[in-house]
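Chain identifiers are assigned alphabetically (A, B, ...) following the order of the sequence lines, protein sequences preceding nucleic acid strands; residue numbering begins at 1 within each chain.
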Protein chains: 4
Amino acid sequence: MSGVEQATGVQQEQVPVTDRGRRTRAALLQAGRELFEERGWADVRIDAVAERAGVSHGTFYTWFDSKESLLRAIVAVVVEDVFTATTVGPRLPPDAPYARIEAANRLYLTAVTRHARILRVLDSLADTREEFRRLRVDVREAFVRRGMEGLVRLQELGLADGALPPRATASALGAMVESFAHLWQDPGEHLDEDAAVDVLTRLWAGAIGLPRSAWPDGASRRPT
Amino acid sequence: MSGVEQATGVQQEQVPVTDRGRRTRAALLQAGRELFEERGWADVRIDAVAERAGVSHGTFYTWFDSKESLLRAIVAVVVEDVFTATTVGPRLPPDAPYARIEAANRLYLTAVTRHARILRVLDSLADTREEFRRLRVDVREAFVRRGMEGLVRLQELGLADGALPPRATASALGAMVESFAHLWQDPGEHLDEDAAVDVLTRLWAGAIGLPRSAWPDGASRRPT
Amino acid sequence: MSGVEQATGVQQEQVPVTDRGRRTRAALLQAGRELFEERGWADVRIDAVAERAGVSHGTFYTWFDSKESLLRAIVAVVVEDVFTATTVGPRLPPDAPYARIEAANRLYLTAVTRHARILRVLDSLADTREEFRRLRVDVREAFVRRGMEGLVRLQELGLADGALPPRATASALGAMVESFAHLWQDPGEHLDEDAAVDVLTRLWAGAIGLPRSAWPDGASRRPT
Amino acid sequence: MSGVEQATGVQQEQVPVTDRGRRTRAALLQAGRELFEERGWADVRIDAVAERAGVSHGTFYTWFDSKESLLRAIVAVVVEDVFTATTVGPRLPPDAPYARIEAANRLYLTAVTRHARILRVLDSLADTREEFRRLRVDVREAFVRRGMEGLVRLQELGLADGALPPRATASALGAMVESFAHLWQDPGEHLDEDAAVDVLTRLWAGAIGLPRSAWPDGASRRPT
DNA sequence: AATGAATGAGTTTTCATTCAT
DNA sequence: CATGAATGAAAACTCATTCAT
C-alpha cells in the first residue's frame, strides 16, 4: 500500500487530546486548505490561516511545526482519498475490460478533480522540494500501478498491444486522465463528467489496443 | 517607491545597443536559465544570477525589470522554439497518417524535453500568476492545435473515431506526450528517444482509432 | 510584493492590546519623533528608529506600516495639540480685542514653537505628498479660522479696516506668526517669549487697523 | 551685496567653452528646473533630467558634479533674480513711504511667485542640508534688509511704531509677503496681483504703525 | 492551550555616480 | 564631448518562527 506511510517525518505534529484542541486543529487544517486553494502556496501567510481559523497567530504553532507541515497534513488526506477511490472500486468481472477501465477512469477523474487545486499547489512545490515530489508521485502511484497491472493482464490475454511497456504506458495514460482534471477548470473545455469519462475511456481502450470486439456496443459505434 | 507616480508607464526592458550590452544581457539570460533549471523559481536570487553572469548586482536591473521579467524573457525563447519545432516539421504526405503522428510526436517530445526543467518552473508559477499561466498555455497551443486539425481530418476520412471531441482529445493526448518528457527525468522510466516516440505514437494512433491497416508493418506486429 | 492581491484592503495600523505592546509602540513613536527632529525625513532609517526604541527592526512593522505611517501618527498628535491650544484659550471678553489677539498669538506661537522641528519635516514632504500637504494645512486651519472670525467681528464693529479680505488676511497674518516660531530657532533673532508675543501682537493689531484707542496703555506708548 | 557670492563650493562645475557645450548645459539646467518644479527633489532622477534635455545619462556629469550641484546652479539664478528685483526698484522719494512699501511688496511678491515652485523645493532641502538653508536665507535677505532699513528710517521720523525691533519685524513681515506667494497656488485664495499687493501693503503699513495721514486717499478710506 | 508580541534573516529594488570607449 | 553601460551602497519591507505570559 503505497503513499500512506509517509507521515513519519522528523518532527511529529502535535496530536490533540482535548476536544477544544481537536476543533482548533481541524479549523486550521480547513482554513489552510481553503487558502492554499485560493491563493497558492507562496501567497498564503500563517497569519491568514490563523485568522480564518479564528485563532491567534501563535496558536498555529501549537498544532503544526511549520507551513510545510500544514500542507503535509492536508495532502495526507488527499493522498488517502485518492488512494481509496482508486483502490476501492466496484469489483467488476475480469472479462469486462472496457467496463473496468471505465470505472477506474471515473473514480480517478473525480478524485483528482475533487483535489485539483490542492494538487496544483503540491505541483508547484514538487519542483524543488523533494519531499513534496514524493508525495506528488504517491498520489498517482496507486492509479498507475493499477493501470499497469490491468495492462499486463490484457496483454497476457492477447487483448492489448504487446509492444507497449506497461509502466511507461500506464504513466502516460494516467497523466492523460489527470491532465483532464486540470483542463476542466479552464473555460473552453466543457464536458460533463459522463462525456469526459467516455472520451478518456475510448482513448485509453484504443491506446492499448483493446479490440473493438471487446468494446460495448454503444461505445464502438457511437456516431459523431 | 515614492509617492509621485513617474510619468513613464510600464517600463520596457532595455534593449542593448552596444556589443558589450548584448553580451551582458545574454550572459544574464543564460545564467538565469541555468539557475532556474537547477533550483526552481523561489530559490534563485537576483544576486546569484548576476554573480553567475559575472556582473554586479545592479547590472541585472540595467537589463531586466525584475525576476519575473527575466523569466518572461527566458520563456519567450522557449515558446518560440517549441512553436517552431511543432510547426516546421517535415512535410509528410497526408496519406501517411501514422508517420505524421510519429513525426509530430518526436518533434514535440524532443522540444519539450529540451525545455523540461524550465517548463516545470513555469508550471510552478502558472498556478497563481495569470501571466505565466497564459505563457504555459502558449507553449502547448501549437501542438494541441495541430493535433486537433489532424484528428478532424482523419475523422472526415473515416480513419479516426468520430465520437471523439477534437479539442479535448488533442489536449489530453498532448498532455500525455508532454508528461512523458517529464517522467523521463525520473529514474525508473528508462526509454531511449526512439522507444519513447514509438510508445507514444502507438498510444496516440490507437487512441484515436486509426485502423491497424494504416499502421506500418513494424508497428502493428511488434512483439513484446 | 507578489502577484496576487491579498484580500485585505488598506491595512490599518495595529492597536496594542497588552501593556507591553503599548509601551513598545510609544517608544517607537518617541524615537521616531526625536530622530525626525534631529535629522529630517530623508535621513532617518527605520533601523535607527527601532534601535533607539530598543526593539528589533521587524518590531517596527508590528506597529507601523511604513515610515510614512509613523510620521502620520506623530503628526496626528501635533495637529491635535495645536488645535487644542488654539481652540481652548482663556475666554476673554469680546470688548478686549487687543488682549484676545495677544492671547491667541501666544498660544499659537508657543504651540508651533513646541513642534517647530517636526513641522519643518512635514513641510519638506508637503511639497510632493498630497497627504502631508493636507496635514500641514490642518495644523494651521484652526488658527486661521479663528483669526478670520475675529477680524470679521471687528470689521463689523468698525474696529478693523473693512477693506481687508478676511480669509487672505488671516492667512497672511497666521503665516507671519508661524514664521516667527521658525526664525526663533536661528541664532540672530533673540527675543524671549513675551517680547515675541508683544511684537507679533502689535503687528497684528496695527495690520488690521485696530484703533490705537483700543490698545492697552503699555502697548500704544511703549518706548524703543 | 548678499546672496550672490555663494558659488565657490568645493568642486567647480564645468564651464562650457564650445557652443555645443553651452547648449547642452543650458538644456540640462532647463530640464532640471522643470522637473524639480513638477516633481520635487526626491522624485527627480538624473536619468529623467538627461532624457528631457535630450542627452545621455552620462552627459549630465560632464556639466554638473551632482544632483545637488544642479539645484545649486538653478537656485543661483533665482537668488540673483530675486535680489535684483528687490534691489533695483523704481527710486521713489523718501517722503512717499506708503508708495515705497507698495512698490517693494509688488516686486518681491511677483519675484517670489515667479519662483514659488523651485523655492519650495529648496525649502524641502533646507531642513537638513545646511548649504541649502543658507541659500534659502539668501533669497529672503535682501528684502528683509531693505524692509528693516525702511522701518528704521520711518521710526526715526516718528512715522512708525518705535517699539518694534527692526530685524524681527522685517523678518515677520517678509515672511508674511512670501507666504502669500505660496498660498496663491492653492485654490480658495483668489486675488489678482493688484488686490494682493493692496492687502499686503495695508497690512504692512498698518503693522508698523504708519499714520493714516501718510496713506494715500484711496487706501485709507477704501470701503468694504 | 492560547495569545500577543518580538525577532531578524532574507530579498528585491533604486539610483547617484563612475568609467571605458 | 558624448555615450551606453556598470557599479554597489543603501533601504524598505516581509513573514515564518520563537517566546514569555
- prompt: Looking at E131(C) and R134(C), does any basic side-chain N land under 4.0 Å from a carboxylate oxygen?
  reply: no
d(D47(C) CG, S56(C) OG) to nearest 0.5 Å is 9.5 Å
Taking for P16(D) and for V15(B) the nucleotide of DNA chain F with the nearest heavy atom, the one nearer the 5' end belongs to P16(D)
Between CZ of F64(C) and P of dA12(F) the distance, given in whole Å, is 15 Å
Taken to the nearest whole Å, CZ/R23(A) to P/dA1(E) is 12 Å
Contacts of T62(B) and R20(C) projected onto DNA chain F by closest heavy atom; the upstream (5') one is T62(B)
Quiz prompt | side-chain N/O W63(C) vs dA6(E) OP1/OP2, d < 4.0 Å | solution = yes
Discussion item. Angle between ring planes, W41(B) versus F36(B), binned at 30° and 60°: parallel, tilted or perpendicular?
Written reply: parallel
Given Watson-Crick and G-U pairs under 3.5 Å, DNA chain F in dot-bracket ([ ] crossing, | other strand) is .||||||||||||||||||||
Can you find a side chain N or O atom of T18(D) that sits less than 4.0 Å from OP1 or OP2 on dC1(F)? yes
- Message: At 4.0 Å (heavy atoms only), tell me whether V17(A) reaches a base, stays on the sugar-phosphate, or touches nothing.
- Response: sugar-phosphate
From CG of D47(C) across to P of dC13(F) the rounded distance in Å is 12 Å
Between CD of Q14(C) and P of dA6(E) the distance, given in whole Å, is 11 Å
R22(B) atom CZ is separated from dA6(F) atom C1', nearest whole Å, by 17 Å
**Message:** What's G58(C) touching, base or sugar-phosphate or nothing? Going by heavy atoms closer than 4.0 Å.
**Reply:** base
Checklist entry - Does CD belonging to E51(C) count more than 12 external heavy atoms closer than 6.0 Å? => result no
Under a 4.0 Å heavy-atom cutoff, the residues of residues 24-46 of chain B touching DNA chain E are V44(B), R45(B), I46(B)
Look at R45(B) together with D43(B) and state whether they make a salt bridge at an N to O cut-off of under 4.0 Å. yes
Only one of R117(D), R52(D), R120(D) passes salt bridge (charged side-chain N to carboxylate O under 4.0 Å, His left out) with E38(D), and that residue is R52(D)
Validation row: L122(C), I118(C) side chains within 4.5 angstrom (heavy atoms):
no
Just N and O in the side chain of T59(A): are any of them under 4.0 Å from OP1 or OP2 of dA2(E)? no
- Is there a donor on the side chain of H57(B) or the base of dT14(E) sitting less than 3.5 Å from an acceptor on the other? no
Salt bridge (Lys or Arg N to Asp or Glu O under 4.0 Å) pairs touching residues 14-32 of chain B, sequence neighbours excluded, are D19(B)-R22(B)
In whole angstroms, the gap separating P of dA2(F) from CZ of F60(D) amounts to 13 Å
Practice prompt. Indicate yes or no for a side-chain donor-acceptor contact from T59(C) to the backbone of T62(C) under 3.5 Å, with no hydrogens or angles considered.
Written response: no
note: Y61(C), atom OH; dA11(F), atom C1'; distance rounded to Å ~ 8 Å
query: Does a nitrogen or oxygen in the side chain of K67(D) sit under 4.0 Å from OP1 or OP2 of dT17(E)?
result: no
Any luck finding a side-chain donor-acceptor pair between H115(A) and R33(A) under 3.5 Å? yes
From CG of D19(B) across to P of dT21(E) the rounded distance in Å is 13 Å
Sorted by position of nearest nucleotide on DNA chain E, 5' first, the leading residue of S66(B) and V55(C) is V55(C)
